[in-house]
Amino acid sequence: MCAMLLPLAITSCSGESGQKSKIIEKPDVKIENGMLTPEILEAFGRISEATPSPDGKLVAFTLTYEDIDENKGNSEIYLINSDGSEMRRLTKTAGSENNIQWINEGKKLAFLRYDEETKAQQIFEINADGSGEKRISEVANGIECFKISPDEAKVIYSSPIDAFNKDTTLFAGLDKTTGRVIDDLGYKHWDEWVTKIPHPFLADINNSKLENAKDIMEGEPFECPMRPFGGAESFAWSPDSRSLVYVSRKLTGKDYVFSTDSNIYLYDLEKGTTETLTEGEAYPGYDTDPVFSPDGSQLAWLSMATAKYESDKKRLCIIDLKTRQVRDLTENWKYWPEQISWSKDGKSIWFVGYCEGTEPMFTIDIATAEIKTIADGQYDYASVIPVSDNTALTLRHSMREPNEIYMVSRDNNDIKQLTSVNKDLLDQLKLGEVKKVVVPTTDGKEMTCWEILPPDFDPNKKYPAILYCQGGPQQAVSQFWSYRWNFMIMAANGYVVIAPNRHGVPGFGEDWNRQISGDYGGQNMQDYFAATDYLKSRPYVDADHVGAIGASYGGFSVYWLAGHNDGRFAALVAHAGIFNVESQYLETEEMWFADFDLGGPYWDKENSIAQRTYANSPHKFVDKWTAPILVTVGELDYRILASQGMMAFNAAKMRGLETEMLVFPDENHWVLKPQNAILWQRCFFRFLDKYLKPSAK
């Protein structure tokens, strides 16, 4: 339902000469009393896309800063030596660079940036010393992502094509009409109307120019990469550059919105033929993230076994490309992998994965399927790229700090920090302590929770407190760093926070994860009560002033708790939450999610699971609402429509409750623009302070 990936803003200028937009630099902020504020939160540098050079001596990465006055962010390419020395900036433009890739044996980098001349995003190249920048593509519709072949003779890239053709007779003489004629489902997705779809194009690279571009899915009305989050990871080149694989969900209309069945396709460059590698009953769900072994004999990828279930256990599969024999390497592992990469010697695969409330780094032996933990602790490792047989580059973050780049050795579990782009801010801030606590659940299990305490915590004082309700719904409450649901800023505002890994999140086995599907309002809500009661029992918590907050499924949770909480909560905040489950079944655009997780359509009266779900819809219990509530929505949200929040606000007002609503006409399921993000934080804390801090009234 909700993914954590946040797209970066792309500005409309490329190169240093003739700039038409302001070049966004690292902001200069003043920190008072060591407290984290919304403005300081927006000032953090955001590292992504760290990738080592072929010889392992350099690391290229993108670093994004936001400008509140400009109301946007901008990413630049930086380099740092692999020992952590000599960090330097490679680009300085008003356009965001992304999708970076080393070429020419590490002497150059290729990347994407908006080009003012062609009015589209194009591929550029630049020498590793910052000289010789040039644009190498001129694609009319622009390029969304790309991968250059190992021999650097070709490139596979994604570019949008028309999703459908208008009936020329019907629209004759109506060049100013805004009407759309819809005859099937799948007409909008995430935050856009589907008028364009991405297609994969194969082109030659000749003297730093793209030539002979060919749509390798020409005539197919399917998207590649998949919307809304698919990118360059949807493509993989064979080491000999003679073939490539791509990911696509080759479905349209009703079939498209009711299935997660994507597949991996092998394209032979010489023959121009395509073969489906994941066809058949064994691969009914998502198949994604393909990666060739170093010798090209095998392909690894992530696979889900259940169609419609977008949060099924991920299987790390490999296929022998000669025999077509497939193995599930993680069949006997109760967790599931993310971000897979082959070791340099091809004998193992590095990956990260959610495990008991954090996201450690692992390796798995190809021959024996033995899994070893390489790096763990109270952190999330967000990526892994092998640099040598025994070392890998990674991004690491926690609830106390955003991404930085690290080098990890599996020989001695040595972990070396390479970047410290936010050290100056973090050193000035007083950050809350994060503690792992275990809370018993009503079904006899134990639940891992994170408890966050305010800076300068005094156990002899009484603090207001917040229950954090996770979205997804199947998203781990790991050591994530968020620029909106940030526990450090909540702690800085004087709140004790508890963030439970309730039933229905990954990292605790399949049964725990799957419980929530078809049981909205069930055991997972009892888990929230257990976490809240634990919180209220702490001697330093003001039990009369506890709030509940959440977004997406977390917003549903807040609405549901509003009607069942027995006076536990003094204030509630719901963002982009499901209020009327019957409406959600028909309103959302990825309908497989609603069909699977809700149990089926509400009109199926013989379906006991579905009927239980709809009987637990929050809108049926508004008569029990007593606590003040803040509702926030984005009008570009097509996953959970803004009308859901508006209905909740209207109902609360009609009930005579103290209620506020914050509406963003230009935001989707998230709040991304800097000024909107700051306004959201200000409204959030103004509202909570009003009802959870009596002295603030």
Side-chain angles (χ1 to χ4, degrees), residues 2-6 41 44-50 61-62 64 229 233 289 302 311 314 316 333-341 350-363 371-385 392-408 410 413 415-422 426 431-437 447-452 468 470-472 474-491 497-502 505-509 512-513 551 554 670:
C2 175
M4 301 291 288
L5 178 67
L6 300 184
L41 189 60
F44 277 94
R46 309 180 187 198
I47 289 180
S48 61
E49 293 193 60
F61 61 96
T62 57
T64 303
F229 304 119
E233 80 288 341
D289 301 87
L302 299 177
S311 299
K314 291 185 179 180
L316 200 174
W333 198 52
K334 74 174 185 177
Y335 310 110
W336 43 101
E338 308 276 358
Q339 303 289 330
I340 60 174
S341 295
W350 297 69
F351 63 94
V352 299
Y354 295 115
C355 179
E356 306 294 335
T358 60
E359 191 174 11
M361 182 187 296
F362 306 92
T363 61
I371 296 174
K372 294 182 179 179
T373 303
I374 303 302
D376 54 6
Q378 202 161 295
Y379 310 101
D380 282 358
Y381 289 86
S383 65
V384 55
I385 303 176
L393 193 72
T394 185
L395 296 177
R396 192 182 83 177
H397 56 255
S398 72
M399 291 179 179
R400 290 171 55 87
E401 61 180 0
N403 270 342
E404 296 287 357
I405 303 173
Y406 291 78
M407 194 73 77
V408 177
R410 66 174 171 181
N413 294 97
I415 301 172
K416 178 179 176 59
Q417 184 170 350
L418 303 188
T419 61
S420 301
V421 301
N422 292 303
L426 293 170
L431 300 176
E433 179 187 0
V434 179
K435 300 194 305 180
K436 187 175 184 177
V437 298
M447 176 173 58
T448 296
C449 304
W450 298 108
E451 184 179 1
I452 301 93
Y468 170 75
Q470 179 66 308
Q474 293 97 344
Q475 281 188 331
V477 185
S478 59
Q479 279 293 305
F480 65 80
W481 172 274
S482 171
Y483 284 95
R484 190 152 50 88
W485 300 96
N486 186 285
F487 299 134
M488 290 301 102
I489 197 170
M490 296 177 197
V497 183
I498 192 162
N501 277 282
R502 43 89 179 141
V505 301
F508 302 90
W512 186 276
N513 183 68
W670 305 297

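Interatomic distance, Met407 CE to Lys416 NZ, rounded to the nearest 0.5 Å: 9.5 Å. To the nearest 0.5 Å, atoms CD (Glu49) and CD1 (Ile385) are separated by 9.5 Å. With rounding to the nearest 0.5 angstrom, the CD atom of Glu338 is 8.0 Å from the CG atom of Asp289. Atom CZ in Arg400 sits 9.5 Å away from atom OH in Tyr379 (nearest 0.5 Å). For the atom pair Cys355 SG and Lys334 NZ, the distance stands at 8.0 Å (nearest 0.5 Å). For the atom pair CZ (Arg46) and OG1 (Thr62), the distance works out to 12.0 Å, reported to the nearest 0.5 Å.
Between Tyr468 and Trp485, the ring planes are tilted. Angles from 30° to 60° get that label. The aromatic rings of Trp333 and Phe362 stand perpendicular to each other, their planes meeting at an angle above 60°, with 30° marking the opposite boundary.
Met490 is not listed as a side-chain neighbour of Ile452, based on a closest heavy-atom distance of 4.5 Å or more. Proximity of Asp380 to Trp481: side-chain heavy atoms (C-beta onward) are nowhere separated by under 4.5 Å. Side-chain contact between Pro337 and Leu302: present, with at least one pair of heavy atoms (C-beta onward) separated by less than 4.5 Å. The shortest side-chain heavy-atom distance between Val434 and Phe487 does not fall under the 4.5 Å cut-off. Here the side chains of Val497 and Trp450 are not in contact, with every heavy-atom distance at 4.5 Å or above. Residues Asn513 and Trp336 meet the side-chain proximity criterion, which asks for heavy atoms closer than 4.5 Å. Within the 4.5 Å cutoff, the side chain of Leu418 has heavy atoms near those of the Leu393 side chain. Side-chain atoms of Cys449 and Met447, non-hydrogen and from C-beta on, do get closer than 4.5 Å to each other.
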| request: Please assess Arg410 against Trp350 for the test side-chain contact (heavy atoms from CB on, under 4.5 Å), listing each intermediate value before the final yes or no. | output: CA-CA 10 Å; Arg410 66 174 171 181; Trp350 297 69; 3.7 Å; yes
| request: Applying ring pair (Phe, Tyr, Trp, His ring centres under 6.0 Å), run through Trp512 and Tyr354 and close with a yes or a no. | output: CA-CA 13 Å; Trp512 186 276; Tyr354 295 115; over 10 Å; no
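For Glu451 (side chain) and Ile498 (main-chain N/O), no donor-acceptor pair under 3.5 Å exists by modelled atom type. Formation of a donor-acceptor pair under 3.5 Å by the Gln470 side chain with backbone atoms of Ala476 is found in this model. Judged by distance alone, with hydrogens and angles left aside, the side-chain atoms of Thr419 form a donor-acceptor pair with the main-chain N or O of Ile405 at under 3.5 Å. Here the side chain of Glu404 pairs a donor or acceptor atom with the backbone of Val421 at under 3.5 angstrom.
Pairing each heavy atom of Pro360 with each of Thr373, the nearest pair is CB-CG2, 4.4 Å. Across every non-hydrogen atom of Ile47 and Asn403, the tightest pair is O-ND2, 3.4 Å. Between Glu356 and Thr448, the closest heavy-atom pair is O-CG2, 4.2 Å. Smallest separation of non-hydrogen atoms from Gly357 and Asn501: CA-ND2, 4.1 Å. The shortest non-hydrogen separation linking Val384 to Ser341 is O-OG, 2.8 Å. Considering all non-hydrogen atoms of both residues, Ser383 and Val352 come closest at O-CG1, 4.1 Å.
With sequence neighbours left out, Arg396 forms a side chain to side chain donor-acceptor pair (under 3.5 Å) with Tyr381, Tyr406.
In this structure, Lys436 places its NZ atom where more than 12 heavy-atom neighbours from other residues, nucleotides or ligands lie under 6.0 Å away.
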